[in-house]
Protein chains: 2
Amino acid sequence: MTQVRKRRPPATPKQAAGYCGPVDDSLDPVLFKALSDPTRKSLIACIAKCGRGCSVGEVAECCSVDFSVVSRHLALLARSGVLEAKKEGRTMYYRVRYAELCRSLRSLADALEECCPQAGAKGGACSNGKCC
Amino acid sequence: MTQVRKRRPPATPKQAAGYCGPVDDSLDPVLFKALSDPTRKSLIACIAKCGRGCSVGEVAECCSVDFSVVSRHLALLARSGVLEAKKEGRTMYYRVRYAELCRSLRSLADALEECCPQAGAKGGACSNGKCC
DNA sequence: TGCGTACTTGCGTCATGGTGCAAGTATTGG
DNA sequence: CCAATACTTGCACCATGACGCAAGTACGCA
C-alpha cells in the first residue's frame, strides 16, 4: 500500500531539452487548443463554409451564444493563427487562413509518419530500455 | 492529391441543426482537446519518438509531473483515439495510433481546402448576406 | 456635433481541467 | 499466502476558461 512511491525522476539532459523528434516541432498546443472548443468549431465551420471574410455580426447569427462571446472567440482564433482579421471601417472581417492551417495539420501528419515504425522506417529511435 | 471527397449533403435537416459543410465532419473538438495540453504533447512526442509501445513508467521518466498524472493523461489520450492501450501482465503499453491520427489530420486539411475559394472553387456557398 | 452601428472589454459567476498526494486494485514472483 | 511491482482512482486545491451582462470604444453619417 504505502509503497515508496518513486519520487520525481531526476532530470536528464534530454529532459531538460525536452526535444523529442519532429513531432515536437509540429504539435502546437496553442493551435489545437483553439480548435478544441465546440463553439469555436461552429464558428470556424461557419466562416469556412461561407468561403469569404465574415463580420462578427454575421457569424454571431450562426450560433446561440452572446455577441460578445463570438467576438472574443474570433479574436482568440485570430491570435492562434486559425483566422485572419481585417478591419474595414467599423466592421471586422474574419477569414480562415486555409493555407497556413492546412500546412500545420499536414506537417504534423508528416512528422507522425516519420516516427511510425511501419511507414517511416526510422522508428524505434530509442532502444535503451527507457523511453526518450 | 485530388482524392474523391464526400460531397456536402445538400439541404438536410442537419443543416438547420448547425451543419456547416465538411469541416463540421472533420473537426473533432475531443481530438484537438487531447492535443492541446503541453504535458500531453510531450508524452505523445516521447512515445512517437520511441516508435514502439511504451509503459506508463517509461513515459513518466520523460517528464517532471507525477506518475499518476502521466497515467491519467495516457488514459485520456487513449480515450480520445490518439493512443492505443494494450495490457501485458501488469504493464500497460501505449502506442501512437499513427494511421488513424494522420487520417484525421489530413481529413480536416482536405475539408478546409474544399471550402477554400482559391483551391476548392466551391467556396462562397452562402451569398444570402448572412453567414450560414 | 450628435447619434446609431459594430465591435471590444471589464467584471462576476460557474464549470472544467491539470496537479500532487495517498490509498486502492491488479498481477507476478517467491 | 505474502510482498513487491505497475498502474489506477479518490480527493482536495487551484488555475484556466467559457459565458452573459453592461459599459466602453471606434467609426461612419447626417
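Computed from a prediction, not measured in an experiment: that's the story for all the values here. Here is the naming used below: chain letters follow the sequence lines, and residue numbers restart at 1 for every chain.
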Non-neighbouring partners of [X] that pass side chain to side chain donor-acceptor pair (under 3.5 Å), sequence neighbours left out:
X	answer
A:Ser107	A:Ser26
A:Arg97	none
A:Ser68	A:Asp66
A:Glu84	A:Arg95

Worksheet item: Which pairs pass salt bridge (charged side-chain N to carboxylate O under 4.0 Å, His left out) with one or both residues in residues 27-45 of chain A, sequence neighbours excluded?
Response: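 Sorted result for residues 27-45 of chain A: empty, none.
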Worksheet item: Can a side chain N or O of B:Thr91 be found less than 4.0 Å away from OP1 or OP2 on D:dA6?
Response: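 False: B:Thr91 side-chain N/O out of range (4.0 Å or more) of D:dA6 OP1/OP2.
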Practice prompt. Would you please name every residue forming a side-chain contact (heavy atoms from CB on, under 4.5 Å) with A:Arg79, sequence neighbours left out?
Written response: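 Per chain and number, A:Arg79 pairs via side-chain contact (heavy atoms from CB on, under 4.5 Å) with A:Ala75, A:Leu76.
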Whole angstrom value for the distance that separates [atom2] of [N] from [atom1] of [X]:
X	N	atom1	atom2	result
B:Tyr93	D:dT8	OH	P	13 Å
B:Met92	C:dT27	CE	C1'	12 Å
B:Leu76	D:dC7	CG	P	18 Å
B:Arg79	D:dT9	CZ	C1'	12 Å
A:Leu43	D:dA18	CG	P	11 Å
B:Lys33	C:dA15	NZ	P	16 Å
A:Arg40	D:dT16	CZ	P	16 Å
B:Lys87	C:dA26	NZ	P	8 Å

Worksheet item: Rounded to the nearest 0.5 Å, what separation is found between the CG atom of B:Leu108 and the CG atom of A:Leu105?
Response: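 Separation between the atoms: 5.0 Å.
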Discussion item. Within this structure, what is the NZ-OG distance for the pair B:Lys87 and B:Ser55, rounded to the nearest 0.5 Å?
Written reply: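 Those atoms lie 13.0 Å apart.
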All N/O contacts under 3.5 Å from nucleotides 19-21 of chain D to the protein, with atom names and distances to one decimal?
from   : atom 1 : to      : atom 2 : distance (Å)
D:dC19 : OP1    : A:Thr39 : OG1    : 2.8
D:dC19 : OP2    : A:His73 : NE2    : 2.4
D:dG20 : OP2    : A:Asp66 : N      : 2.7
D:dG20 : O6     : A:Arg72 : NH2    : 2.6
D:dC21 : N4     : A:Ser68 : OG     : 3.0

Taking only nitrogen or oxygen atoms into account, show me every contact under 3.5 Å that the protein makes with nucleotides 28-30 of chain C, one pair per line with its distance.
none

Worksheet item: Which pairs count as ring-ring contact (aromatic ring centres under 6.0 Å, His included) when at least one residue sits in residues 25-83 of chain A, sequence neighbours excluded?
Response: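 Residue pairs with at least one partner in residues 25-83 of chain A: A:Phe32-B:Phe32.
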